[in-house]
Amino acid sequence: MITTANIKNGVNVDQLVETINHVQEEPSLAKFEFRAKTNWIDGGHCVTSIKDWYGVGAEHTERSKDAFTMEADHVEPLLGKDLAPNPAETVLHALGSCLTGAMVYHAAANGIDIEGMESTLEGGCDLHGFLGLDPEVRKGFNGIKVKFKVKSDASEEQLKALSQFSPVFDMLTNPTPVSIEFEK
């Protein structure tokens, strides 16, 4: 017997529905913890490695490769050597990737075809905050603009609703508690 996978937008919809059903039956499977370890190299240059994670009720220490690594640096006017994207650019990457993934997965689950998608992201900031020159100026982005070009028969309203499922969008638009500890 030959079976054909129900693929929409590159997503196996049958597996997606199966995952949703498993989480509905066993809510603890929905709990995940992602981890990263960052090592300082020099100046603003850092390397982050990502390997183990917790999810679907178990620790996961093996990946298809030893670990994923990402570097960060700063542009030369900000005293970096421009060896890698700066952390703010990495946030834009995370947001763009997560918005796109959320839209594609939820479109597939709702029977919506997406033939192509591209996004442009811009985040503005004022160094007066980061440099400590004005306590009234925010240290991070004062706003992020995301523009999508989407080839789909979905309406703009439908696409916007699908984008709202993005976890990174949620993290950036709602306060996320962050605790900081030090050990020597």
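As the structure is a prediction and not an experimental result, all values here were calculated from the model. The basis for the numbers below is simple: all heavy atoms, side chains too, and nothing from hydrogens, waters or symmetry mates. Throughout, residue positions are numbered sequentially from 1 according to the sequence presented.
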Apart from Phe130 itself, which Ile, Leu, Val, Met, Phe, Trp or Tyr residues share its cluster (side-chain heavy atoms under 4.5 Å, direct or through members)? Val75, Leu78, Leu127, Leu131, Leu133

Taking side chain to side chain contact (heavy atoms under 4.5 Å, CB included) as the test, write out the residues that go with Leu92, two or more places apart. Leu121, Phe141, Ile144

Any salt bridge linking Asp52 with Arg63? Criterion: basic side-chain nitrogen under 4.0 Å from a carboxylate oxygen. no

Yes or no on side-chain contact (heavy atoms from CB on, under 4.5 Å) for Leu95 and Phe169, after CA distance, side-chain angles and deciding distance? CA-CA 6 Å; Leu95 178 59; Phe169 176 80; 4.1 Å; yes

Gap between atom [atom2] of [Y] and atom [atom1] of [X] - 0.5 Å precision:
X: Ile112; Y: Leu162; atom1: CD1; atom2: CG; result: 5.0 Å
X: Asn86; Y: Asp73; atom1: CG; atom2: CG; result: 8.5 Å
X: Arg35; Y: Ile50; atom1: CZ; atom2: CD1; result: 12.5 Å
X: Cys46; Y: Lys37; atom1: SG; atom2: NZ; result: 13.5 Å
X: Phe148; Y: Leu99; atom1: CZ; atom2: CG; result: 4.5 Å
X: Ser166; Y: Met171; atom1: OG; atom2: CE; result: 7.5 Å

Can you list every ring-ring contact (aromatic ring centres under 6.0 Å, His included) pair that touches residues 34-73, not counting sequence neighbours? Phe32-Phe34, Phe32-Trp53, Trp53-His60

Around atom CD of Glu157, are there more than 12 heavy atoms from other residues, nucleotides or ligands closer than 6.0 Å? no

Indicate every side-chain donor-acceptor pair of residues 14-26 with a distance under 3.5 Å to a residue at least two apart or in another chain.
| from | atom 1 | to | atom 2 | distance (Å) |
| --- | --- | --- | --- | --- |
| Thr19 | OG1 | Gln15 | O | 3.0 |
| Asn21 | ND2 | Val17 | O | 3.3 |
| Glu26 | OE2 | Ser28 | OG | 3.0 |

Listing request: all side-chain hydrogen bond (donor to acceptor under 3.5 Å, both in side chains) pairs with a residue in residues 98-107, at least two apart in sequence or in separate chains. none

Sort and list the pairs that fulfil side-chain hydrogen bond (donor to acceptor under 3.5 Å, both in side chains) and have at least one residue in residues 142-153, not counting sequence neighbours. none

What verdict does the side-chain contact (heavy atoms from CB on, under 4.5 Å) test give for Phe165 and Met103, after you've listed the backbone C-alpha separation in whole Å, the side-chain angles of each residue and the deciding distance to 0.1 Å? CA-CA 8 Å; Phe165 286 98; Met103 291 168 65; over 6 Å; no

Please check if the side chain of Asn9 supplies one atom and the backbone of Ile114 the other of a donor-acceptor pair under 3.5 Å. yes

Distance-only, no hydrogens or angles: does the Asp82 side chain make a donor-acceptor pair with backbone N or O of Glu76 under 3.5 Å? no

Using a 4.5 Å cut-off on heavy atoms from C-beta on, say whether the side chain of Thr69 contacts that of Thr48. no

Hey, does Val104 have a side-chain heavy atom less than 4.5 Å from the side chain of Val11? yes

Please find the pair of heavy atoms, one from [X] and one from [Y], that lie closest to each other, and give the distance.
X: Cys125; Y: Gly140; value: CB-O, 3.6 Å
X: Gln158; Y: Ser155; value: OE1-N, 2.8 Å
X: Lys160; Y: Ser163; value: O-OG, 2.7 Å

Applying salt bridge (charged side-chain N to carboxylate O under 4.0 Å, His left out) to Asp113 and Lys8, what does each step give before you reach the verdict? CA-CA 7 Å; Asp113 286 315; Lys8 183 161 292 286; 2.7 Å; yes

